[in-house]
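Note: hydrogens, waters and symmetry copies are ignored here, and every other heavy atom, side chains too, is used. Computed from a prediction, not measured in an experiment: that's the story for all the values here.
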Amino acid sequence: MTDAERDVASRRLKASFVALVAVSGGLIALQAGGSPVIIAAGVASGLVLGWALLWFILRWWAEFLPNPDTGDRRDR
């Protein structure tokens with residue numbers, strides 16, 4: 001797998017994660033019997049929440065990756 005293919009796969013995985021959280025918000029609103037406006041708000045809220053969760057997970061995960069300068073973990 002080339003670096004370009006890895007970057008594309010990474011972007012798709014991130015977008016899929018955010019979309020999954022967004023669709024989940026819409027489905028919860030639908031299950032609760034919300035109007036189309038409420039369902040759209042659930043999807044929009046899910047997009048924001050999905051992006052925030054992705055940001056948090058990526059920042060947390062970066063702590064365990066080796067530091068390119070020293071090879072040590074970043075938390076040291």
Side-chain angles (χ1 to χ4, degrees):
M1 181 179 267
T2 66
D3 286 340
E5 291 172 335
R6 186 169 296 137
D7 288 342
V8 169
S10 177
R11 279 193 300 270
R12 286 181 181 170
L13 182 61
K14 291 172 185 176
S16 297
F17 176 79
V18 172
L20 179 66
V21 174
V23 169
S24 176
L27 287 174
I28 290 171
L30 179 66
Q31 182 70 26
S35 67
V37 173
I38 299 297
I39 294 169
V43 171
S45 299
L47 282 171
V48 172
L49 180 61
W51 180 84
L53 285 171
L54 180 65
W55 177 82
F56 175 77
I57 289 169
L58 292 177
R59 299 245 330 166
W60 175 76
W61 184 253
E63 293 180 13
F64 299 102
L65 297 176
N67 189 344
D69 298 332
T70 63
D72 290 339
R73 286 189 356 198
R74 293 179 194 250
D75 61 351
R76 292 183 183 172

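Put simply, Ile28 and Leu20 are part of two different groups of oily side chains (I, L, V, M, F, W, Y) that touch within less than 4.5 Å, one to the next. Cluster annotation: Val18 is connected to Ile57 through the hydrophobic network of ILVMFWY side chains, with a link wherever side-chain heavy atoms come within less than 4.5 Å. Linking Ile, Leu, Val, Met, Phe, Trp and Tyr residues whenever their side-chain heavy atoms come within less than 4.5 Å places Trp60 and Leu65 in a single cluster. Residues Val23 and Leu49 are members of separate hydrophobic clusters, defined by side-chain heavy-atom contacts under 4.5 angstrom among Ile, Leu, Val, Met, Phe, Trp and Tyr.
Interatomic distance, CD1 of Ile38 versus OG of Ser45, reported as 9.5 Å (0.5 Å rounding). A distance of 10.5 Å separates CG of Leu58 from CG of Leu53, quoted to the nearest 0.5 Å.
The aromatic rings of Trp51 and Trp55 sit parallel to each other, their planes meeting at less than 30°, with 60° as the upper class boundary.
Taking all atoms of both residues into account, the shortest heavy-atom contact from Arg6 to Met1 is NH2-O, 3.7 Å.
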